[in-house]
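Everything quoted here is computed from the prediction, not taken from an experiment. Note: hydrogens, waters and symmetry copies are ignored here, and every other heavy atom, side chains too, is used.
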Amino acid sequence: MTKHVKIFDTTLRDGEQAPGFSMTSGQKLRLAKTLESLGVDIIEAGFAAASPGDFDAIHTIAAEIKGSTICSLARCNDGDIRASGEAIKPAKSGRIHTFIATSPLHREYKLKMSKDEIVRRAVAGVELARTYTDDVEFSCEDAIRTERDYLQRVVEAAIKAGASTINIPDTVGYTTPEEIQDLFSFLTTQIEGANGVTFSAHCHDDLGLAVANSLAAVRGGARQVECAMNGIGERAGNCATEEVVMAINTRKDFYGLTTGIKTEGIYAASKLLASITGNPVPRNKAIVGKNAFAHESGIHQHGVLANRETYEIMKPEDVGVSTDNLVLGKHSGRAALKNRASKLGFELSDNQLQSVFVAFKELADEKKEVFDADIEALIMGETVGSQGPWEIDSLYVSAGSDENRHPQASVKLKHEDGRTLAAINEAAGPVNAVFMAISDITGHPLHLDSFSVQSVTEGKDAMAEAAVQVSTEFESYHGRGASTDTVLAGAKAYLDVINRIERRAVRQKKIAAQH
Ligand code: KIV
Ligand code: ZN
């Protein structure tokens, strides 16, 4: 059996479909490029039939990404499979992932189909998918709660119909390591046709066991793991890409297996996802959390200084966390910034470098020491955050506990068409007053669903990253902003959303004018 475990990353599909993690097409492409440079074997780019936006994102990713296989999810029906086939058409290597539920509960209450009917649908789905590509993956949704003899029957039929990857999802995060290892050992040795296909694990984290279960499936013979960066996904999420990869990597002695992941890119990919979706990574998150390589207690620090292996099983550099932390100052030039960005995992285009450089110089004027985390925040702000049409010209807030006066914000915005508009607003809090002033100036009354700020470096001049989630009557958006001033960071995050809404309206007008 091969020693290579394929990494099938579903950040852009299972991850993106979770509430609070939706991404625009452009953001998905950006992330797909990062996953490609990370060495992900298969990128599940979306669910083509879900919406025209999902279809377009998959199609664009398929046209641009050549280093990974691009996959679209499809239920076992003609419409879904044809949409997936069309969406992956431009791919150098494209896969259709078709699925149908097989467990008794899903058969009876969701599908209302007999066992025979489900087998017929599975076979027809795989056969239709094969007319678009030789690379067809078949999943039995809720496989873990499916009777073993019936699971065997469906899987054998799918293999005969032409599926080359068989995925066994733990859709509801119910299994345990011992159980799933046993199931994979059975499937990979007892199923007719098992030798010619790759078995895949897709574990959800409802019991906090997704990574452990995926590793156990690998011990049982799985050679593909489906996972998502930062563990995002339906409900409690999917198996975390960074965790399963680093477990296989760090415990080569035990698993004797490899993945194709260039692990030094992990940290940057995790940061990019957090920044795009506005969901910060918890400090104590394995591999990519801020504390993952921090040693606070005296005993630990003493041990690490004597020999880092006393308390470190991985080197921070292995996942792209730099220990060479203090980097640039106000005299540093573009080349140094570009070089540092590249070490942090960001390849900046000339245009991006220019805007990050301007922001860097402003920051270097404000701060004596510019740390890697500051630079990351700047890059995220300048390249992931929006670039107009609005920008903040000036902002001033007053706040306090005087019961006769409300917090007040005075905001001036510049539009790229040359207008400069101002508003003064009062509200229960200064951040709210700022948001209201921005809404008044731009004419976008948004509902604020959540607002969070976290500092990315230490000290009184630390950079703050703000994330907002807002909604209109029809849609929900997230935006982000970074600054040494927390209120300004919040204002930038709010304006990021408005800029996106306005840019999209302009694009839509252009498209309408062309037709
Ligand atoms: O969890 C699940 O069952 C899935 C399938 C569609 C593979 O995401
Ligand atoms: Zn899933």
Side-chain angles (χ1 to χ4, degrees), residues 1-11 14-15 35 38-42 44 137 139-140 142-145 151 165-189 194 197-263 265-267 269-270 281 284-289 292 312-315 318-319:
M1 197 180 272
T2 172
K3 300 271 182 228
H4 179 78
V5 178
K6 290 185 205 168
I7 296 300
F8 175 114
D9 186 284
T10 186
T11 308
D14 211 322
L35 294 173
L38 198 57
V40 162
D41 298 276
I42 303 108
E44 189 164 48
E137 171 170 332
S139 286
C140 303
D142 204 14
I144 291 296
R145 295 191 297 172
L151 188 64
T165 302
I166 296 295
N167 185 39
I168 304 295
D170 181 16
T171 304
V172 291
Y174 180 68
T175 197
T176 65
E178 295 77 12
E179 183 182 67
I180 198 169
Q181 178 170 351
D182 182 62
L183 177 61
F184 272 81
S185 301
F186 165 76
L187 292 170
T188 53
T189 57
V197 300
T198 301
F199 280 89
S200 165
H202 176 112
C203 297
H204 280 270
D205 208 30
D206 300 66
L207 293 173
L209 290 171
V211 175
N213 287 339
S214 303
L215 291 168
V218 166
R219 289 286 281 171
R223 286 298 176 265
Q224 174 176 290
V225 171
E226 302 200 352
C227 42
M229 281 309 304
N230 297 348
I232 70 170
E234 283 281 8
R235 304 180 312 280
N238 283 80
C239 168
T241 304
E242 64 280 9
E243 294 180 24
V244 75
V245 165
M246 288 315 289
I248 292 174
N249 203 298
T250 308
R251 296 306 310 273
K252 255 188 235 96
D253 60 320
F254 181 74
Y255 291 106
L257 298 168
T258 55
T259 71
I261 299 297
K262 299 175 193 90
T263 61
I266 283 179
Y267 184 65
S270 159
V281 174
N284 64 331
K285 166 85 183 60
I287 316 293
V288 289
E312 266 182 21
I313 57 166
M314 298 163 275
K315 293 203 262 336
D318 292 345
V319 296

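- Across all their heavy atoms, Ala217 and Ile180 have their closest contact at N-CG2, 4.0 Å.
- Using a 4.5 Å heavy-atom cutoff, the side chains of Glu242 and Val319 are not in contact.
- Although no hydrogens or angles enter the test, the distance criterion places no donor-acceptor pair under 3.5 Å between the side chain of Thr188 and the main chain of Ala222.
- Considering OG1 of Thr259 and CG of Asp41, their distance stands at 8.0 Å, rounded to 0.5 Å.
- In plain terms, the two heavy atoms of Glu137 and Ser200 that are nearest each other are OE2-OG, 4.5 Å.
- A distance of 8.0 Å separates CD1 in Ile166 from OG in Ser139, rounded to the nearest 0.5 Å.
- Contact detail for Arg235 and Gly173: the closest heavy-atom pair is NH2-N, 4.2 Å.
- Under the 4.5 Å side-chain criterion, counting only non-hydrogen atoms from C-beta, Leu209 is not in contact with Asp170.
- With a 4.5 Å cut-off on side-chain heavy atoms, Ile42 and Gln224 count as touching.
- To the nearest 0.5 angstrom, Thr165 atom OG1 is 8.5 Å from Phe8 atom CZ.
- Annotation for Thr189 and Ser185: closest pair OG1-O, 2.6 Å, computed over non-hydrogen atoms.
- A donor-acceptor pair under 3.5 Å is formed between the side chain of Arg223 and the backbone N or O of Val218.
- Here the options are His202, Glu44, Glu226, the test is side-chain hydrogen bond (donor to acceptor under 3.5 Å, both in side chains), and the partner is Thr10; only Glu44 passes.
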Derivation of the side-chain contact (heavy atoms from CB on, under 4.5 Å) call for Met314 and Ile287: CA-CA 9 Å; Met314 298 163 275; Ile287 316 293; 3.6 Å; yes
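- Here the side chains of Cys227 and Ile7 are in contact, with some heavy-atom distance below 4.5 Å.
- A donor-acceptor pair shorter than 3.5 Å cannot be found between the side chains of Thr175 and Asn213.
- Counting heavy atoms of neighbouring residues, nucleotides and ligands inside a 6.0 Å radius, atom OH of Tyr174 does not exceed 12 of them.
- For the pair Thr171 and Ile144, the minimum side-chain heavy-atom distance is 4.5 Å or more.
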side-chain contact (heavy atoms from CB on, under 4.5 Å) assessment of Thr250 paired with Asp318: CA-CA 10 Å; Thr250 308; Asp318 292 345; over 6 Å; no
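- In terms of modelled atom types and a separation under 3.5 Å, the side chain of Ser214 and the main chain of Cys203 share no donor-acceptor contact.
- Annotation: salt bridge (charged side-chain N to carboxylate O under 4.0 Å, His left out) contacts of Arg219 (sequence neighbours excluded): none.
- Between the Asn230 side chain and the Ile232 main chain, no donor and acceptor come within less than 3.5 Å of each other.
- Considering only heavy atoms from C-beta on, Leu38 comes within 4.5 Å of Met229 through its side chain.
- Side-chain contact between Thr241 and Glu243: absent, with no pair of heavy atoms (C-beta onward) separated by less than 4.5 Å.
- From Thr176, atom OG1 reaches atom CG of Leu207 across 9.5 Å, with rounding to the nearest 0.5 Å.
- By the side chain to side chain contact (heavy atoms under 4.5 Å, CB included) test, Lys252 is found to be paired with Asn249, residues two or more places apart in sequence or in another chain being considered.
- Inter-residue side-chain proximity for Val40 and Ile261 is flagged as met; some heavy-atom pair is nearer than 4.5 Å.
- Rounded to the nearest 0.5 angstrom, Leu215 CG and Phe254 CZ are separated by 9.5 Å.
- Among all heavy-atom pairs drawn from Tyr267 and Val288, the shortest one is CE1-O, 3.7 Å.
- With values rounded to the nearest 0.5 angstrom, Asp205 atom CG is found 8.0 Å from Cys239 atom SG.
- Shortest non-hydrogen contact noted between Pro169 and Cys140 is CD-O, 3.0 Å.
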